[in-house]
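Everything below concerns the one structure shown next.
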Amino acid sequence: MKQLAIVMGVGIDKVPGTDEIEVTVQIVKPGATFVGQEGGGLGGSETKPVWVASARGRTISEAQRRLNLKSSREIYWAHCIFLVLGEELARQGVDDVLDFFLRGPQPREFMWIMVARGTAKQILTAEPELEKIPAQAIGFLTRSKAGHAVMLKDFVKQVVTPGTGATASLLELTTAIEGEDQEDGQKPKEVKMVGGAVFRQAKLVGFLDETETRGLMWLRGEVVRGVVTIPSPEKKEGRISINIYRSRTKVIPEIHDGMLKIKVEIDTEGDLAEEQGPDDASQPAVIEEINQYMASQIEERCHLALQKAQTDLQTDVFGFGEAVHRRYPQEWKLLKNRWEDEFPKVPVEVTVNAQIRRTGLMTKPIFKKIQSLKS
Amino acid sequence: MKDKVMISSVEWGCLIANLILSTGVLFVPSVTAGTAKQDAWLAGLLATGFGLGITLLLTALWRRLPDQNLIQAAETILGKWPGRLVSLFYLWWLLHTTAAISQEFGDIVLIGFLPETPFIVIILVGIALSAYAVRSGLEVIARLNLVFLPLVISLLLLSHLLVINVMDGKNLLPVGETSLSNLVKGAIPTTAWLGELVVMWMFIPCLNQNHEVRTASLTGILVTGLLFVLTDLIVVAVFGPVQVASFVISTLNAARMIHIAASIERVEAFTLGIWVFGGVVKISLFYLAFVYGLAEWLKLRDYRPLVLPAGGLIVAMGMLNYRNIVELFYFAGKSWPVYSLLTVEVGLPVLMLLVALGRGIKAQPRGNGSEGTN
């Protein structure tokens, strides 16, 4: 234990113009855990609790060897929370660098896999402030399930499954306070999950923005928590937000007369979180109307993601191919080899059944009366 | 060789389970998923069926000659010299397989847990422990196994249970896609593992309730086979068949995935537990069968003087047989199952049963001459 340099996060970048890669690791400093457990207290330490170092090599092991030349302790991977890949490297293919993390006994297959817009090094040198150890601040972004998070083992499974595209979370540098960097010239030092990175056969082919990523998560059945915002049915400029707490997605491929169609059925439940409009949430009929709006809002997000994946990226990130494989194993044998050509043309029908179950601590909005007095 | 060692039929069944389970359960998913894909568990069921068939075959022989171990039975059935030749082959197979298992034992501890420890340290400790158990005799190993088998099974079930949160049942679909020939191909290694039951032939005279030999053996094989099927299901559900097929020790990979509430994680020592508690019993049984058989073959009064020399031989062979893990697993996964099934596990027993039928050797419901009661 005293001779180990515990890696908390690792980033890998391509070194431009060479066949080398650069491995950046964030290592917990020895004794860092003793420096003020909950901050404040003892005058708050000036020094960072982590040591960030990088080294180049043609393989990760070679780079690790070189890291060891400047590290007083043995590099130890077992506690690594995430692996972030630089954009350039991801475009050229990530399969070569992933073998190290599957073959070695130390790194765990449940570490998170992410892609950095720009270089991975930037992400590892960023200094998000909420957690003592920056790597934890980044790794724990996945916990809220608000963004798209993928484990290494699932990523690998998607890469090796024929016809399926793989995805990873997309990271970007940002500031804690919006717009701080433009106004005060602050260096962005926080890290944000901004969407999804889409891979076709281990090569990065494009990005999904925040909304499209939500659509992707709905279609894959991953949304556990999140907020859906819809226009108020009665008064178009007001907005209503619903807190999603349960959802279930069923992907049902159907073949009729040799024509393939994908039906996606989404069931979801949520609570009313915020209401700006005048709608009377104590009326069952109004709730029914909100349900309809909510369903169409979710459908819209799904269609955005579908359009991006089918038209722009032409990559099956939803696992529709595998769904066909499961339901129609015989037909899939023929379809498998031309799935990449078929996927962009497959009609997808999304039906959403959304239900509001509870309305929070209020029924009808209290401000409705004031507004109606004014008008 | 006279011995008054006696074990009960419960101990018999438990020995069978640990004899096969301890190594098998670590490798079964990856060798099966290679050909049977997501239907690995179907191949496992098929293998269990084959294993029960082998059990019926072997017990048919055992019931005919309940007081004779493999060496004696081969002589009785095939005649003096053909019988001695066949048993010599069995002895070679036992020695060779014991060495291969010992090497596996060392390699797994090295791969997963102690990469910097010299190989000889691990294999020496393992074989020394087994040598001690072997010197103490079958009764001691059987009692020890009554403690170890529940440990092995509960560690296995616990590591299966804790990995439920990362399982995805979709990985197992579609069911039945693999062709029958690929299913059979996928079932062969598992079947060969179950066929290791033949090792128990050396101890047949030690079973005190001879009439229960078939029930006890069938139960042992059935439980083991079903645990293999369960392991196939769980491991494939966690990773999907493509990844499983490329793993070396797939059960270890599954245990590595355990992480619950940020507190229960990095518990792959469970797998090491299965491996150590089970492996010691397995190596001891193979080792004991070898020295028992050799003593019988050489007509010695006691097998104990052979224990240490045989141990030295096993360590040496374990270190020299295969230069690397690739050669070892290539042999253990591809050649050994076919080789074992065709000869010691099915081929020779079928031959012996046919000869026994031809010579009119009838089943004896009760052991005579031994103090078997009932």
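We use all heavy atoms of the structure for the numbers below, so side chains are in, but hydrogens, waters and symmetry mates are not.
Neither the backbone nor the side chain of B:L252 comes within less than 4.5 Å of any heavy atom of chain A. For B:V166, the parts lying near chain A are the backbone and the side chain together; criterion is any non-hydrogen pair under 4.5 Å. Contact of A:P162 with chain B is not made at all, since no heavy-atom distance falls under 4.5 Å. With a 4.5 angstrom heavy-atom cutoff, B:V238 touches chain A via backbone and side-chain atoms both. In this structure, chain A has a heavy atom under 4.5 Å from the backbone of B:I258, while its side chain stays farther away.
Separation of atoms CD (B:E177) and NZ (A:K333) is listed at 5.5 Å; rounding is to 0.5 Å. Interatomic distance, A:K153 NZ to B:M257 CE, rounded to the nearest 0.5 Å: 4.5 Å. Rounding to the nearest 0.5 angstrom, the gap separating the CZ atom in A:R108 from the NE2 atom in B:H259 is 11.0 Å.
Remark: A:L69 CG is packed, more than 12 non-hydrogen atoms of other residues, nucleotides or ligands lying under 6.0 Å away. For B:Y330, the OH atom counts as loosely surrounded, since its 6.0 Å shell holds 12 or fewer non-hydrogen atoms of other residues, nucleotides or ligands.
Of the listed residues (B:N171, B:L172, B:D168), the greatest number of heavy-atom pairs within a distance under 4.5 Å of chain A belongs to B:N171.
Taking the side chain as every heavy atom from C-beta outward, B:P174 and A:R327 never approach each other to under 4.5 Å.
Considering every non-hydrogen atom in both B:L173 and A:R326, the closest pair reads CB-CD, 3.3 Å.
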